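To start, the structure itself, in structure tokens.
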Amino acid sequence: MSRGEEEQIPLHIPDAPNRPGDSSSFEPWKWHPNDLKKPEFDCVADETFEHATGLVRVLDDNGEALGDWNPNLTTEELKLGLEHMVRLRIFDDRMMKMQRTGKLSFYMQSFGEEGIAIAQTMALNDKDWIFPTYRQPGAQFVRGRDMVSMICHCIGNVEDNVKGRQMPVHYTYKEGRFISVSSPVGTQFSQAVGVALASKYKNLDEVTITWIGDGASAEGDYHYGLNFASVFKAPVILNVVNNHWAISTHYNIASGSNNFATRGLAYGIPCFRVDGNDFLALYSVTKWARERAKLGFGATHVEILTYRAGAHSSSDDPSRYRPSNEHEYWPGGDPIERLKDHLIKNSHWTEKEQKDLEEKIDQEVISAYKEAVKYGDLANGPYPSSDTIFTEVYESVPWHLQEQWDEMKKWRTE
Amino acid sequence: MVEMNMVQSINSALDNMLEKNQDVLLFGEDIGYFGGVFRTSDGLQKKFGKHRVFDTPLSEGGIAATAFGMGINGLRPVVEIQFADYIFPAYDQIVNEIAKVRHRSGGEFWCPITIRTPAGGGIRGGHHHSQSPESQFTHTPGLKVVYCSTPYNSKGLLISSIESNDPVIFFEPKRCYRGPFYGDPHNVPTWKDHPEAEVPEDHYKIPLGQGRLAMEGDKCTIIAWGTMVHVAEKAIIDSGISCDLIDLQTLLPWDKEIVINSVKKTGRCVIVHEAPKTSGFGSELSASIQELCFYNLESPIQRIAGWDTPFPHTTEWDYMPSTARIVAAIKKTQED
Ligand SMILES: Cc1ncc(C[n+]2csc(CCOP(=O)(O)OP(=O)(O)O)c2C)c(N)n1
Ligand SMILES: [Mg+2]
């Protein structure tokens, strides 16, 4: 069958709007910070239809914070948010460099999405549970995790608290209530509902927050999560990060609708779509959702609209499947620039202070990295002992594993 | 004949089948426009059109279910699960539906589908980019299970799988896509000049259910599949002991004849696989061999396998069966 004939096949196959060689363009946004009011905490799903089809924004195009959703954060809080975002960006740059020089096996950046986990975690209480994907490591900075230990994990060296068992970026940090990252996408989304229901069962004022990608929202776990959260009114915040891409797959291929937020309405859960590069809007929607959960009204579903500015991972080359500069055209801009501009606009910050901050953090990252490689790097070791293959498979080691462990000791090279 | 690596030979098999049979469709995550994260479908969407080769939502269960539906309605889908570790969201569809529909419908419906998936370790993939879950499918009546190991057999086996009217789970050892692996992570050969890298550009088949004698000898029978075929080859050379090396190729149904003939000849046997030992496919082989050749066996059958633990990241070389472990096992079979 020739190519021409095949095009007669009436099967609908979606594609990305722009591919390499096409020019990048996005529809200009028609949404403004004053468009939407906060609903009542006990609202029913349908009352949030406008919030799901519109876009919750606080920062306007001139860096002004406006509207009902303005969380009115103190200057100190704003500066802290900015600092964490800058920290994450510089940290990511350094980790990518380490990956390229063979000191890490693999890496995944949050480039362009730094605001999400940082703003949202800042809007929560310290005891709230964080159930992330690989794209929310920034929450750990908010929860006070030591950068050296994060780098040691990514290297998989002797100080890695995951003991070299998982690939880089699969952090776990129980002290900060940051739950172990797993590679199979989507699983955390439905599990988070269980975490939230356990808190409720124990009658504790704890909320659980979780995320899933636009791509992974096609997995069954996304739907299990929404349904269980709705049925049991779980105190959970269910976010879909729509960054347009799942590796090379555009969100047109993840969903037949171009709106992820409204899906939750059919499950009876209030829904919001939020500007994912607007620190203040992210903060505010999360605060609202936390309050609703705390008051016993159950879950909130949020689509976080953003653009994956970097490669999917260190193994990926996006110039093969999308226009390489597309992120520069994203109407949401850059989360760091936008919060910085807002602070400058209100005379709370200067370009000079920004530069000093970047330099300070650069030094912080360099010294953390230098300390971390003292415990070993991927190219040269030392690695965790291969005894760690056998420990913590079970609470205690059963006979058959003990036998295999003894056998391994005869052969090990590391 | 041209020289191909395993990415190219798989691509060539898909290309031949898309050309030959318009009921063949390819779909999966990132396989269309991009050509797959391992590039196995590179260029095929361009050549055959979006209707024949396309990207799906990120949903293994959805992929398997859609393949089921298309399969029972007359098409012959070939789907990719990006990593074998991610086949489990599709497990219910595969085990309870795809595998059983012919039987449950009294033969009215069947699923001529092929599920391709990169498997195995050696790429620093940690828990979820390294597993080799073949025995979770060999334990399922109604499926055929194939595990290729070289450019030549991957193409011939894949074509047979696609043309099979039964569903096939087709494992590709991702460590060997671009070259064989001899157990030394610092030695990274390509397929260049390897005899198994000579691959016909045209359609050819290697029948399902047939093993391959990769090396011939008389002191011991080594049975392996996937990456372990090459590790075992190196181990046999290192041991200095004359061995038959059987590359099983199809695990379900496996080639009883080639195994029995060899074990009857050598009287000794070592089975090597990367998957955990307990309930691994080696257990099935070992049990069958003692049933069928008990009086020919001169020493206990040895199994060299992955440990019964999750697959590690930084310490993976102490997890994967090494040449040294295989050499010791071969020697052990010679003791009694
Ligand atoms: C169950 C499963 N299938 C496939 C993969 C391989 N994979 C890893 S990330 C990814 C894309 C995820 O995209 P998205 O959910 O949009 O998240 P993003 O990377 O954009 O944050 C894929 C296909 C996986 N990790 N798990
Ligand atoms: Mg995405």
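As the structure is a prediction and not an experimental result, all values here were calculated from the model. Letters go in sequence order (proteins before strands), and every chain restarts at 1.
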Can you tell me how far [atom2] of [Y] sits from [atom1] of [X], rounded to the nearest 0.5 angstrom?
X: B:D42; Y: A:R320; atom1: CG; atom2: CZ; result: 6.5 Å
X: B:F54; Y: A:H12; atom1: CZ; atom2: NE2; result: 11.0 Å
X: B:W307; Y: A:I389; atom1: CH2; atom2: CD1; result: 8.5 Å
X: B:T315; Y: A:K163; atom1: OG1; atom2: NZ; result: 12.5 Å
X: B:T309; Y: A:R165; atom1: OG1; atom2: CZ; result: 9.0 Å
X: A:S183; Y: B:D85; atom1: OG; atom2: CG; result: 8.0 Å

Can you say whether [X] sits under 4.5 Å from chain A via the side chain, the backbone, both, or neither, judging by heavy atoms?
X: B:Y319; answer: both
X: B:F311; answer: backbone
X: B:D30; answer: both

Interface residue of largest heavy-atom contact number with chain A, from B:I123, B:D308, B:V37, under 4.5 Å: B:D308
Among B:S130, B:G35, B:G125, B:P310, who wins on heavy-atom pairs under 4.5 Å with chain A?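 So the answer, after comparing B:S130, B:G35, B:G125, B:P310, is B:G125.
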CA sep, side-chain torsions, deciding dist, call: B:H313, A:S105, side-chain hydrogen bond (donor to acceptor under 3.5 Å, both in side chains): CA-CA 9 Å; B:H313 175 241; A:S105 62; 2.8 Å; yes
Counting only heavy atoms closer than 4.5 Å, note whether [X] contacts chain B via side chain, backbone, both or neither.
X: A:P318; result: neither
X: A:A254; result: backbone
X: A:V185; result: side chain
X: A:L401; result: side chain
X: A:H400; result: side chain

Please tell me if the side chains of B:E60 and A:E219 come closer than 4.5 Å, counting only heavy atoms from C-beta onward.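 Yes, their side chains come closer than 4.5 Å.
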Among [options], who wins on heavy-atom pairs under 4.5 Å with chain B?
options: A:G186, A:G381, A:S248, A:S255; answer: A:S248
options: A:S315, A:S217, A:G215; answer: A:G215
options: A:I247, A:D160, A:N157, A:V393; answer: A:I247
options: A:R19, A:H170, A:E407; answer: A:R19

Nearest heavy-atom pair of [X] and [Y]: which atoms, and what distance?
X: B:K50; Y: A:D15; result: NZ-CB, 4.0 Å
X: B:H128; Y: A:S182; result: CE1-OG, 3.6 Å
X: A:P384; Y: B:T314; result: CD-OG1, 3.6 Å
X: B:L58; Y: A:A246; result: CD1-CB, 4.5 Å
X: A:W411; Y: B:D318; result: O-OD1, 4.4 Å
X: A:P184; Y: B:Y86; result: CA-CE2, 3.6 Å

State whether the number of non-hydrogen atoms from other residues, nucleotides or ligands found under 6.0 Å of A:Y222 atom OH is greater than 12.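 Yes, OH of A:Y222 has more than 12 neighbouring heavy atoms, counting only those of other groups under 6.0 Å.
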B:F88, CZ atom: more than 12 neighbouring heavy atoms under 6.0 Å: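 Yes, the 6.0 Å shell around CZ holds more than 12 heavy atoms from other groups.
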Quick check: A:Y321 with B:Y33 (ring centres under 6.0 Å apart)?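 Centroid distance B:Y33-A:Y321: not below 6.0 Å, so no.
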